[in-house]
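Atoms within each ligand, like the ligands themselves, are counted from 1 in listed order.
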Amino acid sequence: MRRLIAGNWKMNGTIASLSEIVKLDEMVTTDIARGCDVLICPPATLLRPAKSSAPAGRIAIGAQDCHAEKSGAFTGDLSAEMLVEAGARYIIVGHSERRAAHGETDADVCAKAEAAIGAGAVAIICVGESKGQRESGEALDVVEAQIRGSVPEDGDISKLVIAYEPVWAIGTGLTPKNEDIAEMHAAIRAQLMALFGDKASQIRILYGGSMKPDNAADILGIANVDGGLIGGASLKAESFFAIIAAA
Ligand code: PGA
């Protein structure tokens with residue numbers, strides 16, 4: 001399966017940061033791009049200029065969130081259609097920072113994923129357990145419930161990506177043991193196969209949470225890890241490219 005290496009800039013980056021995309025665009029040669037899909041999700045204000053900064057089309061641009069509705073009285077929100085029009089080919093939904101800080105439920109995330117797919121984007125649906133849930137042995141159950149609640153069952157699976165991001169690994173420099181990542185990704189794959197049948201073998205399952213140049217090859221070598229969702233290390237072209245090269 002073609003890997004996806006996705007950068008999530010979160011609320012970082014201004015026009016000056018586009019130079020990193022210009023640099024990355026030079027590094028991601030046709031040869032590299034043949035091997036894996038590369039994506040950067042900058043703040044929504046940078047979608048259009050980010051797309052122009054990578055004119056070769058080897059780096060896809062995506063958004064970090066969308067509203068579930070197409071339009072209406074939702075001050076400050078952006079619809080999936082608007083984001084796609086601005087250049088987003090992928091839309092991240094249900095990132096743990098949004099689940100925590102904006103109270104997004106599985107049902108909200110599912111509605112956003114449907115909106116993203118409906119607008120023609122690929123939805124990257126994020127799931128992951130907290131530290132307490134991992135320590136009390138609930139991680140598999142928590143993630144299974146999040147997938148059950150957040151993944152649209154009638155969605156076009158070619159427009160579906162899952163990102164497993166343990167909350168306690170995000171931005172902390174901590175990562176799960178390889179066998180824990182393997183166990184979780186296998187469980188997610190089995191659940192997707194139960195939901196969608198054999199074709200679910202084609203759904204990419206990304207790992208996210210402190211993926212860096214020095215652990216990327218190791219993590220990307222685990223079965224059912226089909227790419228990465230990278231925060232901090234995606235902000236600089238050099239470190240993000242090192243992860244792409246590892247894929
Ligand atoms: P991190 O973030 O790579 O900085 O841990 C990952 C994410 O939140 O998507």
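- Identified under the ring-ring contact (aromatic ring centres under 6.0 Å, His included) test for residues 138-167, with sequence neighbours left out: Tyr164-His185.
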In residues 192-201, what donor-acceptor pairs under 3.5 Å come from side-chain atoms, sequence neighbours left out?
{"unit_1": "Ser201", "atom_1": "OG", "unit_2": "Asp198", "atom_2": "O", "d": "2.9"}

Show me the side-chain donor-acceptor pairs of residues 76-94 shorter than 3.5 Å, one per line, residues at least two apart or across chains.
{"unit_1": "Ser79", "atom_1": "OG", "unit_2": "Lys70", "atom_2": "O", "d": "3.4"}
{"unit_1": "Ser79", "atom_1": "OG", "unit_2": "Met82", "atom_2": "N", "d": "3.2"}

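- For a heavy-atom separation below 4.0 Å, the residues in contact with ligand 1 are Asn8, Lys10, His95, Glu165, Ala169, Ile170, Gly171, Gly209, Ser210, Leu229, Ile230, Gly231, Gly232.
- Ionic pairing of Asp37 and Arg204 is present here: one or more N-O contacts between side-chain nitrogen and carboxylate oxygen are shorter than 4.0 angstrom.
- Taking a cutoff of 4.0 Å between a charged side-chain nitrogen and a carboxylate oxygen, Arg2 and Asp226 do not qualify as a salt bridge.
- Salt bridge status for Lys23 with Glu20: present, with a side-chain N to carboxylate O gap under 4.0 Å.
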